[in-house]
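See below for the structure under consideration.
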Amino acid sequence: MIKEKIIENVGVIYLDRPKQINALNSDTIKKISEILKKWENDDKVKVVLFDSLSDKGFCAGGDLKEIYNEFLINDDCADKDGFFKIEFDLDKYVKNYKKPIISHWYGVTMGGGIGLTINSDFIIIDETVNWAMPETSLGFVPDVGVCKYISSLPQALGQYVGLCGVSLESSDLIKYNLADVYINSKYYEKLVTKLYDLSKNYEGDQIIENLNKEAKKWEVKDSESEIYKNIDKINKYFSHSSLNEIFEDLKDNTDDEFAKKCCDILKERDPFMLTIQFEKYFVCKELSYDESIDLDLRIIQYAINKNSIKEGIRAKIIDKDNNPSWPCRSLDDISIEEVKDLLSIDKTYEER
């Protein structure tokens, strides 16, 4: 499931669960942590590279079937959030790792795979990348500390991405500083070979600086994404001061295909978790990364206690009926005081 290799002075961690597009489970998380700890004090390893052996992409996120079966519905499991605790601990560890980390995002790059590597010192992407945080469809919200990065996006775009779970493309990731270099996939192996060569003569920041110079030779600069094409509509519908206003504006404009699609997406989500995500966009602007990921765990624990995450995974992944019965049925049922308490805020964004 995880393969490790030292090539020259590069420690390579390959995610290798091709049938699951490298979905992270407890075993893979523990194995990655063990490898990183082993290499942290190994003078042979000057830099770490996260890569994948799957044709379909880097990582589909957390293994939701394992989370559901081994944790959420397992009566013998007392620690229902156990998977998330070890995952979040690894993400914090990666952020503070002593040696440079490089990651290769391509194809399916979602959820926990993003969380594992978003704090890398250098992220390489290509034209195939499909980056998304689709957690609102699963009864919780973008987690693994990624909302800290979503909160760095302009307000309307950050809300659109966080609430709807839409994909970002290569040019979006570069434009909004979520990745470092965009190259054509046919040049990736050449760039990695150059990395191996650089590791023989450089270490630390010098490896990253020199790799960046090499990568720029193959950089792709011109590309229009769906986000780019729809940015005016995103700004129109998602710049409001409350989730209610977003909903009302979308419902009032269903003759616009973009608005109708967004409205249909949001109608399928847990209203309470959508409200949490709307407010969380603003909350995370004021939090450190570690504080943000600690908040994620608190929200996960709430979602477990309320069964929203269990119901979301059941409907989307287990039974695949796409007909979740959320504990909160409508925006009118939401206790704003409960929202404030969960997020540790005194006022909502609209009330400020």
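The basis for the numbers below is simple: all heavy atoms, side chains too, and nothing from hydrogens, waters or symmetry mates. Each residue takes its place number in the sequence, starting with 1.
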### Query
With a 3.5 Å cut-off and no angle check, do the side chains of Ser239 and Gln155 form a donor-acceptor pair?
no
Test item: Ile21 and Leu15 side chains (from C-beta on) under 4.5 Å apart, heavy atoms:
no
Take a 6.0 Å sphere around NZ of Lys194 and say whether it holds more than 12 heavy atoms from other residues, nucleotides or ligands. no
inquiry  = Counting neighbours of NZ on Lys175 that are heavy atoms of other residues, nucleotides or ligands and sit closer than 6.0 Å, is the number greater than 12?
reply    = no
With a 4.0 Å cut-off, would you call Asp255 and Lys260 a salt bridge?
-> no
Q | Criterion ring-ring contact (aromatic ring centres under 6.0 Å, His included) on His104 and Tyr188, from CA distance to verdict | A | CA-CA 9 Å; His104 176 209; Tyr188 177 69; 3.5 Å; yes
Checklist line | Polar contact flag, side-chain donor to acceptor under 3.5 angstrom, Glu311-Ser308 | finding: no
For atom NZ of Lys99, is the number of surrounding heavy atoms from other residues, nucleotides or ligands below 6.0 Å larger than 12?
-> yes
Donor + acceptor pair across side chains of Asp126, Thr128 (<3.5 Å): yes
Any side-chain donor-acceptor pair under 3.5 Å between Asn96 and Tyr289? no
Taking every heavy atom of Ile345 against every heavy atom of Thr348, the minimum-distance pair comes out as CD1-CA, 4.4 Å
Checklist line | Electrostatic pair Lys37-Glu34, nearest N-O below 4.0 angstrom | finding: no
| Any side-chain heavy atom of Arg17 sitting closer than 4.5 Å to one from Asp63? | yes
Lys/Arg N to Asp/Glu carboxylate O, Arg314 vs Asp321, below 4.0 Å: yes
#### Entry: NZ/NE/NH1/NH2 to OD/OE distance under 4.0 Å, Asp333 and Arg329
no
- Message: For Glu4, is there an ion pair with Lys38 - N to carboxylate O distance below 4.0 angstrom?
- Response: yes
Is it true that, when you exclude Asn322 itself, more than 12 heavy atoms of the residues, nucleotides or ligands shown sit nearer than 6.0 Å to its CG?
yes
I'd like to know if Glu279 and Lys347 make a salt bridge, using a cut-off of under 4.0 Å between side-chain N and carboxylate O. no
- Message: Salt bridge or not between Asp256 and Lys233? Use side-chain N to carboxylate O under 4.0 Å.
- Response: yes
Less than 3.5 Å apart, any donor N or O on the side chain of Ser171 or Glu224 sitting next to an acceptor on the other? no
Check step by step if ring-ring contact (aromatic ring centres under 6.0 Å, His included) holds for Phe282 and Tyr349. CA-CA 7 Å; Phe282 303 104; Tyr349 180 70; 3.7 Å; yes
For the pair Lys280 and Asp296, find out whether any cationic side-chain nitrogen is under 4.0 Å from an anionic carboxylate oxygen. yes
**Message:** With a 4.5 Å cut-off on side-chain heavy atoms, are Thr193 and Lys190 touching?
**Reply:** no
**Prompt:** Does Phe88 share a hydrophobic cluster with Ile150, counting links as ILVMFWY side-chain heavy atoms below 4.5 Å and allowing steps through other members?
**Reply:** yes
- Glu70 with Lys80: basic N within carboxylate O range, under 4.0 Å: no
Practice problem: Determine whether the aromatic ring centres of Tyr160 and Phe258 lie less than 6.0 Å apart. | Solution: yes
Whether Asp89 and Lys30 form a salt bridge (side-chain N of Lys/Arg under 4.0 Å from carboxylate O of Asp/Glu) is what I want to check.
no
